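I have placed the structure first, in the form of structure tokens, so that the comments after it can refer back to it.
A note on names: the letters A, B, ... follow the listed sequences, proteins ahead of strands, and every chain is numbered from 1. In this text, all values refer to a predicted model and were calculated from it rather than measured experimentally.
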Amino acid sequence: MAGAADTFFTSVYRAVRAIPPGRVATYGQLARWLGVPRGARAVGWALRALSPRRSATVPWHRVVAAGGRIAVRPGAGPDLQRRKLRKEGVRFRRGRVDLARHGLQP
DNA sequence: CGTATGACGAGCC
DNA sequence: AGGCTCGCCATAC
């Protein structure tokens with residue numbers, strides 16, 4: 001059912017939207033969902049391409065790097081993302097998300 | 001169509 | 001533990 005409009009990017013956004021509040025997913029995990037086990041970087045590329053307007057409709061802050069680390073993004077520090085997650089009740093452990101507690105499959 | 005890019009990940013030192 | 005290198009993938013040019 002993947003039409004021309006249903007690109008990899010679109011799939012990524014849809015997957016990210018499926019992440020429930022208070023939980024997080026890693027880039028690699030999302031890549032697996034999309035059927036591309038080693039496409040973590042591609043997922044990152046998709047989120048990077050997210051326009052400010054679009055980012056308002058995609059819970060990008062629920063996507064973290066392996067080990068619960070906050071990936072370094074261009075033009076913005078990790079503070080914003082940490083704040084958003086914290087607001088959803090996500091706990092941090094030495095600056096990293098506690099995946100055991102907030103991961104998709106706890 | 002070949003090269004470069006990047007919000008990654010795993011391995012190695 | 002912390003930092004560097006290499007591999008992978010989907011776009012951009």
* Asked: Can you name the nearest heavy-atom pair linking Ile19(A) to Ala25(A), along with the distance?
  -> CD1-CB, 3.6 Å

Go through [options] for me and flag the one nearest to the [X] side chain.
X	options	result
Ala66(A)	dG6(B), dA10(C), dG9(B)	dG9(B)
Arg41(A)	dG9(B), dA12(C), dC8(C)	dC8(C)
Ala65(A)	dA12(C), dG9(B), dA7(B)	dG9(B)
Arg96(A)	dG2(C), dA7(B), dT11(C)	dG2(C)
Ala71(A)	dG6(B), dC8(B), dC9(C)	dC8(B)
Ala42(A)	dG9(B), dC9(C), dC8(B)	dC9(C)
Arg48(A)	dG9(B), dC9(C), dA7(B)	dA7(B)

Round to the nearest Å and state the distance from [X] atom [atom1] to [N] atom [atom2].
X	N	atom1	atom2	result
Leu85(A)	dA7(B)	CG	P	18 Å
Phe9(A)	dA10(C)	CZ	P	11 Å
Gln29(A)	dC8(B)	CD	P	16 Å
Arg38(A)	dA10(C)	CZ	P	12 Å
Leu34(A)	dT11(C)	CG	P	11 Å
Phe8(A)	dC8(C)	CZ	C1'	11 Å
Leu50(A)	dA10(C)	CG	P	19 Å
Trp45(A)	dC13(C)	CH2	P	8 Å

* Passes side-chain hydrogen bond (donor to acceptor under 3.5 Å, both in side chains), His61(A) versus Glu88(A)? Steps please. -> CA-CA 11 Å; His61(A) 58 281; Glu88(A) 295 184 349; 3.0 Å; yes

* Which part of the nucleic acid, if any, lies within contact of Tyr27(A), taking any heavy atom under 4.0 Å across all strands shown: a base, the sugar-phosphate backbone alone, or nothing? -> base

* Val63(A) backbone acceptor or donor facing Gln81(A) side chain under 3.5 Å ->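 Such a contact is found between Gln81(A) side chain and Val63(A) backbone.
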
* **Validation row: Trp45(A), Val12(A) side chains within 4.5 angstrom (heavy atoms)** =>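 Not in contact.
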
* Decide yes or no for Lys84(A) and Trp60(A): does some side-chain heavy atom of the first lie under 4.5 Å from some side-chain heavy atom of the second? =>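 A side-chain contact under 4.5 Å exists here.
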
* **Arg93(A) atom CZ, neighbour heavy-atom count above 12 within 6.0 Å** =>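 Check fails, neighbour count at 12 or below.
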
* Heavy atoms from other residues, nucleotides or ligands near CZ of Arg73(A) exceed 12 (cutoff 6.0 Å) ->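 More than 12 heavy atoms, drawn from other residues, nucleotides or ligands, come within 6.0 Å of this atom.
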
* Mind running a 4.0 Å heavy-atom check of residues 51-59 of chain A against DNA chain C and sending the residues that fall below it, in number order? =>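 Heavy-atom cutoff 4.0 Å gives no residues at all.
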
